[in-house]
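Hydrogens, waters and symmetry mates are skipped; everything else that's a heavy atom, side chains included, is used. The chains referred to below are lettered A, B, ... by the order of the sequence lines, with proteins before strands, and numbering in each begins at 1.
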Number of protein chains: 4
Amino acid sequence: MTEERRRRVPRRIREQQIIDVAVRVFSKRGYHASSVDEIADLAGISKPMVYLYLESKEGLFIACLRREADRLVRAFQDAAREAGPPDQRLYAGLRAFFAFVAEHRDGWVVLYRQAAELSESIAREVALARRAVLAQVAGLVREGVQGQGAQGQGAQGEGGDGAGQLREEDADFVAHSLVGAADSLTDWMERHPGQSPDGVALRLMNMVWAGMERVLRGESWVPHSG
Amino acid sequence: MTEERRRRVPRRIREQQIIDVAVRVFSKRGYHASSVDEIADLAGISKPMVYLYLESKEGLFIACLRREADRLVRAFQDAAREAGPPDQRLYAGLRAFFAFVAEHRDGWVVLYRQAAELSESIAREVALARRAVLAQVAGLVREGVQGQGAQGQGAQGEGGDGAGQLREEDADFVAHSLVGAADSLTDWMERHPGQSPDGVALRLMNMVWAGMERVLRGESWVPHSG
Amino acid sequence: MTEERRRRVPRRIREQQIIDVAVRVFSKRGYHASSVDEIADLAGISKPMVYLYLESKEGLFIACLRREADRLVRAFQDAAREAGPPDQRLYAGLRAFFAFVAEHRDGWVVLYRQAAELSESIAREVALARRAVLAQVAGLVREGVQGQGAQGQGAQGEGGDGAGQLREEDADFVAHSLVGAADSLTDWMERHPGQSPDGVALRLMNMVWAGMERVLRGESWVPHSG
Amino acid sequence: MTEERRRRVPRRIREQQIIDVAVRVFSKRGYHASSVDEIADLAGISKPMVYLYLESKEGLFIACLRREADRLVRAFQDAAREAGPPDQRLYAGLRAFFAFVAEHRDGWVVLYRQAAELSESIAREVALARRAVLAQVAGLVREGVQGQGAQGQGAQGEGGDGAGQLREEDADFVAHSLVGAADSLTDWMERHPGQSPDGVALRLMNMVWAGMERVLRGESWVPHSG
DNA sequence: GATGAATGAGACTTCATTCAT
DNA sequence: GATGAATGAAGTCTCATTCAT
């Protein structure tokens, strides 16, 4: 890995180099405030190459988006493939998530902090990419809680049969909550640098595990109980 | 709504008109993709008026930011002022939050979906505004859980004394989780239009209430319990 | 002279107040870089008043120009009215000039440092005002040297009859030289704050007095004398 | 002059073309009244090229300034390099000056008629450029008069030893006077088109040569001699 | 594979000027 | 006599994108 920027680099590699830089820049500045000029400069090539390989600024952004979403999804899948009881698997998923964000902060930002400023056509891509991530989480949640009645951690013995009524909607609700919380916690992590990704995952697990099942079963906390 | 667009509108009112429009536009397009031209047009005035009253695009954005943060914080405070047991108060807070977002979607987007693309000086303002919101939530959380041992909803009888160990950090963790989840759930709401803000708040309450206390007490879910 | 900015000031006085401020601002920033806004602000009135009284930015500038040219011309005339031998009178004129500039720096700058940036129609006015100043100097020069043969300071006894051949052109040449030198020396004065206007006038007098007569007589220094 | 406006001109050349035009425009209109649009148009290119090569309007102006100051200084130095007695050298310097101004009127105007309207940072540059020009003249003056006692043109035999007391300040005084006079005489030249630069230089030489030495020696004309 | 040269379009911002009170 | 409200026009500057080599 001689770091000298070589001429005549084959297309596949150049593309990756460009995307590497672009993720960094898009993450730092946001889509609109990023300039193709800067990206080309930092990639050590001229602008026409960017356009030759990635077609347009939108194309470049979409390429970034897809690569980062893929990476995150794969990290999730790898973690979830682990055998084990469902709570362990969800925990593993969350750990994978926080570890990914800690290591690929830029990728996460590109995926999740570019809501308002994008053109219609990019917004669609972003929605797709996020759907892919959310789907992973929702999957884990569904599996995890389905098994919870049998292997869960005790207290709620009211029967896992409620899990049969799992609706897509509920799993989606929980997945949104988890991903939203996790996203927000990346900010919290930045202000508490001592915290390991695993620690954050553990805390979050503690906070939601007990309640998740409830939600997926339908309400049980009664508003006016006080 | 006989809001006929009049000439010679006094400054105070014009400013609000401008900010109203700006919140809408910034929310729809994001900061950079918004143009002062469009905002002026939609406000029914010429660009120089915008600059005369709000100084600059940044000034305009900051004005939007502050107004919306104030509104949200006030909505929260009003809800939290209600008497009642702590879980009720947190529930009221969440309801207020989702109601606010449902009614002021644009304001929320301006506050919470403008991360990466902003200049240093605006980023500071955004951070401040968000801190104000987070502080409200953290406050509610702290109060709520401190009282939980005494007036809580039963199941966890392990004693409220653990609440004494509440650390700022933990309340902040929970507040980040809640706000992040809530933010993300606004997307969920958009895809499930039948859901009332109160319903969403209830679901979220169910999901986190049981676990919050755990987090604030220190961990209790054990990773390798399986 | 209670300095409180009063309302309902009569036109004549308001006009002078405005012009006072305008001379200062035009001098500091130049014509184009000055804004009517700033002038109105500093004058403590609203822009429409400026337009009511002075018609336009150009009108305002021309008013400044005329007033300052008048003042300078009058200072010159007062000095030149002094009786005395011609060299004394020229010296008195130069002293008056440097004293004026030292006290009305802004006025001078407005008159003499606004060459390139002005519109055709203002440039005409400027030329007129400068002509008035140059004419004063040229007048002094002509008188002074005409008498030089009789009452001059000695050395050149070749006779004052050459003075009869004075051409307008020559007096004008000398006047331009003197005013140009004097203008430039105002910069020199700024860098040598110890120097009194009178001292500068004396130095300049020394430098040009002997040679002036020559020029007005036709050449006498021969290029290839070396 | 087959300078057909070509496409794809190399940077170095384009830069010079731009500066050529800019000097003309800045000279004609002054800094603020000049528009980059006009400069680009006259240079036969689009605005972005101007900004690509010269950074900003200020950068463009500074580039003009430096080039013209360099040219003038070099013209001076070339003239002063001529061997010969000191009066001849000063005369050569003045001739060079007037010849330069006659041929590069625009350059001179850019250098010397842009006083009041410039931003702080440009004003610094202008001051620097002018200093360079003044320094050349002051150098010539110093040399010239130092030798005057020995090789001078006769009349003043009071001893060249006074020349040893030359102070920086005095040379500077004379230089300011000369440059100011010369600047002002460029206006005179415009109104007397028949005059050659050499003729003007000769007249000025006549006017100041005799007196210069006096100034540099300390005063000798006595105010109240009459 | 690679790039220096070039631009149309559009952004923010300011200014001289006027209107209605 | 005086002003707050309002604007058309113009200016500086940046950007995504392409052409010709």
Side-chain angles (χ1 to χ4, degrees), chain A residues 6-11 13-14 32-40 44-60, chain B residues 6-15 32-40 44-60, chain C residues 6-11 13-14 32-40 44-60, chain D residues 6-15 32-40 44-60:
Chain A
R6 266 164 310 147
R7 320 232 142 223
R8 298 271 146 185
V9 176
R11 172 165 186 156
I13 294 176
R14 262 286 136 87
H32 272 100
S34 299
S35 86
V36 177
D37 242 319
E38 181 180 5
I39 292 168
I45 56 166
S46 66
K47 256 185 305 184
M49 291 301 293
V50 177
Y51 281 87
L52 185 62
Y53 287 164
L54 279 312
E55 204 81 331
S56 70
K57 192 187 183 182
E58 284 200 10
L60 175 54
Chain B
R6 263 164 311 147
R7 320 239 141 216
R8 302 273 140 183
V9 176
R11 175 169 184 153
R12 231 14 78 73
I13 294 176
R14 260 287 135 86
E15 271 181 13
H32 274 102
S34 299
S35 91
V36 177
D37 246 319
E38 180 179 6
I39 291 168
I45 55 167
S46 67
K47 247 183 312 179
M49 289 302 290
V50 178
Y51 283 88
L52 184 61
Y53 289 162
L54 280 311
E55 290 287 86
S56 69
K57 193 185 183 184
E58 283 201 11
L60 175 54
Chain C
R6 266 163 311 147
R7 319 232 142 222
R8 298 270 147 183
V9 175
R11 172 164 186 156
I13 294 177
R14 261 286 135 87
H32 272 99
S34 298
S35 86
V36 177
D37 242 320
E38 181 180 4
I39 291 168
I45 55 166
S46 68
K47 258 186 302 184
M49 291 301 292
V50 177
Y51 281 86
L52 184 61
Y53 288 163
L54 278 312
E55 201 82 331
S56 71
K57 192 187 183 183
E58 283 200 10
L60 175 54
Chain D
R6 262 165 313 149
R7 319 239 141 214
R8 300 275 138 183
V9 176
R11 173 168 185 153
R12 232 13 80 73
I13 294 176
R14 261 288 134 86
E15 270 181 14
H32 274 101
S34 298
S35 91
V36 176
D37 247 319
E38 180 180 6
I39 291 169
I45 55 169
S46 67
K47 245 184 314 179
M49 290 302 291
V50 177
Y51 283 88
L52 185 60
Y53 288 162
L54 280 311
E55 290 287 89
S56 69
K57 192 185 183 183
E58 283 201 11
L60 175 54

Between N or O atoms, less than 3.5 Å apart, protein on one side and nucleotides 12-15 of chain E on the other: list the pairs.
residue	atom	partner	partner atom	Å
E/dC12	OP1	B/Ser34	O	3.3
E/dC12	OP1	B/Lys57	NZ	2.9
E/dC12	OP2	B/Val36	N	3.0
E/dT13	OP2	B/Tyr51	OH	2.8
E/dT13	OP2	B/Lys57	N	2.8
E/dT13	O4	B/Lys47	NZ	2.7

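What separates CD of D/Glu15 from P of E/dA6 is a distance of 11 Å, to the nearest Å. Here F/dT12 presents its P atom at 10 Å from CD of D/Glu38, a figure rounded to the nearest Å. Summarising the geometry, the separation between CD1 on C/Ile13 and P on F/dA2 is reported as 11 Å, rounded to the nearest angstrom. Distance D/Met49 CE to F/dC15 C1': 15 Å, rounded to the nearest Å. When rounded to the nearest whole Å, the span between CG of C/Leu52 and C1' of E/dC19 equals 13 Å.
Within 4.0 Å (heavy atoms only), B/Ile45 reaches sugar-phosphate atoms of the nucleic acid but no base atom. Nucleic acid contact for D/Arg11: sugar-phosphate only, since backbone atoms but no base atoms lie under 4.0 Å from a heavy atom of the residue. Here D/Pro10 lies in heavy-atom contact (under 4.0 Å) with sugar-phosphate atoms only.
Taken together, the paired segments of DNA chain F that extend over three or more consecutive Watson-Crick or G-U pairs, each closer than 3.5 Å at both contacts, are E:2-21 with F:2-21.
For the pair D/Ser46 and A/Tyr53, both in contact range of DNA chain E, the more 5′-proximal nearest nucleotide belongs to A/Tyr53.
For the atom pair CG (A/Leu60) and CD1 (A/Ile39), the distance works out to 5.0 Å, reported to the nearest 0.5 Å. Going from atom NZ of D/Lys47 over to atom OG of D/Ser35 covers 8.0 Å, rounded to the nearest 0.5 Å.
Counting all heavy atoms, side chain and backbone alike, D/Ala40 lies closest to D/Ser46 at CB-C, 3.9 Å.
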Evaluate the side chain to side chain contact (heavy atoms under 4.5 Å, CB included) criterion for residues D/Arg12 and D/Glu15: first the C-alpha distance (whole Å), next the side-chain angles of each, then the deciding distance (0.1 Å), finally the verdict.
-> CA-CA 5 Å; D/Arg12 232 13 80 73; D/Glu15 270 181 14; 4.2 Å; yes
Under 3.5 Å donor-acceptor pairs involving side-chain atoms of residues 50-57 of chain A, not counting sequence neighbours:
residue	atom	partner	partner atom	Å
A/Ser56	OG	A/Glu58	N	3.4
A/Ser56	OG	A/Gly59	N	3.0
A/Lys57	NZ	A/Tyr31	O	3.0
A/Lys57	NZ	A/Ser34	O	2.8

